[in-house]
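All values below come from the heavy atoms of this structure, side chains included, with hydrogens, waters and symmetry mates left out.
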Amino acid sequence: MQFIKKDILDMASLSAEEITLILDTAEKMKEISRRPVKKVPTLRGKTVLLFFYEPSTRTRTSFDIAAKRLSADVVAISANTSSLVKGETLIDTARNLEAMNMDLIVMRHSSSGAPHLLARHLKASVINAGDGTHAHPTQALLDMMTIREKKGTLEGLRVAIIGDISHSRVARSNIVGLTQMGTEVVVAGPPTMMPKGIETLGASVTHDIDEAIQDVDVIMMLRIQKERQKNALFPSEREYARCYGLTIERMRQAREDVLIMHPGPMNRGVEIAPEVADGPCSIILDQVTNGVAVRMALLYLVLGGQRHADADSPRKGD
């Protein structure tokens, strides 16, 4: 199969076959990160721009590392150091950057749809690194890679996503991607944090965390996104932790082989207890590791690296 996507904007635009190709490629890319010299010349001569309008640690750093491990040149700018602060429009800023012959723009923006707008106006490829409350496809892909790596498959599994569903682009992207791959998804959270119509994406809904975590293969906890909330949606953090926090006590209701995930950053003691986050069921750091591999795979495929696959992909015994 030839990967011909110009842009990676959301999970809905990816078929099951394309998702599988990305995950398979990411597995090969992960081998590169285990080598003594963690670099291949696949994207030498390509230029990747990291344009982050919102703060980011894991996503920005992993894209930076991913591009450099494939030998691409990386330029990073943020909104407060660009001409946007002088009143220049987003499109004009992007067009000026493209005029410098950027090959791909990785963009995070607080407005839903901003990467889609860029993709329509630019010849350069665009990868969405998170837009508003809409989508975060690379996070969903790394989550899916981590689950498949630990469970051997995605089909037939049951995943519970718990927390601030309304403001979570991670939840939306995971629901779409996981259901596309044959995974059953249940979402749980306070009524004030549950968007209307979330069922249309393919998830079942409950407001009872104890019900949600029973007999699932994976529990994915989400943080409370205070920066996106205009009104107080719960009485206090202490009350939220009591009703919706994943504690050691609650874990006794879950399966012994359940996997615990969190996209980060974590509010320890609020949505997840430290003992759970650092416990034997946690694969949170595996998600971070796989984030680099998935982003390497996307850069590799979008920028035409597939034609070099035989030459650059790891061989057994390397």
Side-chain angles (χ1 to χ4, degrees), residues 8-20 23 111-113 115-116 128 130-148 151 153-226 228-234 239-240 243-246 250 253-255 258-263 271-272 287:
I8 303 294
L9 301 175
D10 50 48
M11 293 304 296
S13 63
L14 294 173
S15 67
E17 291 76 17
E18 287 169 330
I19 291 171
T20 300
L23 299 185
S111 297
S112 298
H116 299 67
N128 182 2
D131 63 324
T133 61
H134 173 239
H136 197 345
T138 65
Q139 179 68 45
L141 287 164
L142 73 88
D143 291 341
M144 294 163 73
M145 176 186 179
T146 308
I147 295 170
R148 192 179 77 158
K151 294 292 187 180
T153 184
L154 292 170
E155 189 172 0
L157 297 181
R158 297 187 72 236
V159 175
I161 304 176
I162 298 166
D164 185 0
I165 307 297
S166 286
H167 301 92
S168 178
R169 55 197 174 203
V170 173
R172 286 173 174 80
S173 291
N174 265 299
I175 292 168
V176 173
L178 287 167
T179 54
Q180 177 90 305
M181 300 302 289
T183 306
E184 181 183 344
V185 180
V186 57
V187 294
T192 53
M193 294 181 174
M194 192 65 65
K196 292 181 180 179
I198 193 72
E199 302 94 333
T200 61
L201 296 182
S204 58
V205 177
T206 179
H207 300 300
D208 185 345
I209 181 176
D210 297 301
E211 176 187 333
I213 66 175
Q214 289 183 14
D215 199 33
V216 295
D217 300 284
V218 180
I219 301 172
M220 184 182 298
M221 302 304 294
L222 304 173
R223 78 181 171 90
I224 301 167
Q225 300 194 37
K226 296 179 183 177
R228 301 189 193 281
Q229 297 176 8
K230 296 180 181 179
N231 302 303
L233 301 179
F234 54 93
E239 181 71 7
Y240 183 90
C243 297
Y244 289 98
L246 188 61
R250 280 207 165 98
Q253 303 176 51
R255 291 170 50 166
V258 71
L259 302 177
I260 305 301
M261 305 179 76
H262 195 303
E271 73 266 10
I272 188 167
Q287 292 174 263

Would you name the heavy atoms of [X] and [Y] that are closest together and state the gap between them?
X    : Y    : answer
T206 : M194 : O-CE, 4.0 Å
P137 : S173 : N-OG, 3.8 Å
A254 : V258 : CB-CG1, 4.0 Å
I209 : Y244 : CD1-O, 3.3 Å
Y240 : P190 : CE1-CG, 3.9 Å
L9   : N128 : O-ND2, 3.0 Å

| field | Side-chain ion pair, R169 and D131, N-O less than 4.0 Å | value |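 Salt bridge between R169 and D131, a charged N being under 4.0 Å from a carboxylate O: no.
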| query | Does the distance from a Lys or Arg side-chain N to an Asp or Glu carboxylate O, for R223 and E271, drop under 4.0 Å? | reply |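 Salt bridge flag = no for E271 with R223.
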Interatomic distance, [X] atom [atom1] to [Y] atom [atom2] [nearest 0.5 angstrom]:
X    : Y    : atom1 : atom2 : value
H167 : L222 : NE2   : CG    : 12.5 Å
R148 : L141 : CZ    : CG    : 11.0 Å
M220 : S168 : CE    : OG    : 9.0 Å
E18  : L23  : CD    : CG    : 12.0 Å
I175 : T183 : CD1   : OG1   : 12.0 Å
C243 : H207 : SG    : NE2   : 13.0 Å

| message | Between H116 and D10, does the side chain to side chain contact (heavy atoms under 4.5 Å, CB included) criterion hold? Intermediate values first, please. | response | CA-CA 9 Å; H116 299 67; D10 50 48; 3.2 Å; yes
| field | N/O donor-acceptor pair under 3.5 Å between R255 side chain and D217 backbone | value |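 No; zero donor-acceptor contacts below 3.5 Å.
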| Set of residues satisfying side-chain contact (heavy atoms from CB on, under 4.5 Å) with respect to Q287, sequence neighbours excluded |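 Expected list: Q139, L142, D143, T146, M261, I284.
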In the structure I gave you, are the side-chain heavy atoms of [X] and [Y] within less than 4.5 Å of one another anywhere?
X    : Y    : answer
I19  : M11  : yes
H136 : T138 : yes
T133 : S112 : yes
M221 : I219 : yes
L201 : T179 : no

| Over 12 foreign heavy atoms within 6.0 Å of CD, E155 |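 Result for CD/E155: open.
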| Identified side chain to side chain contact (heavy atoms under 4.5 Å, CB included) partner of I147 from the options L178, T153, N174 |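 Looking at L178, T153, N174, the match for I147 under the side chain to side chain contact (heavy atoms under 4.5 Å, CB included) is L178.
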| field | Steps toward side chain to side chain contact (heavy atoms under 4.5 Å, CB included) verdict (L246, I162) | value | CA-CA 9 Å; L246 188 61; I162 298 166; 5.9 Å; no
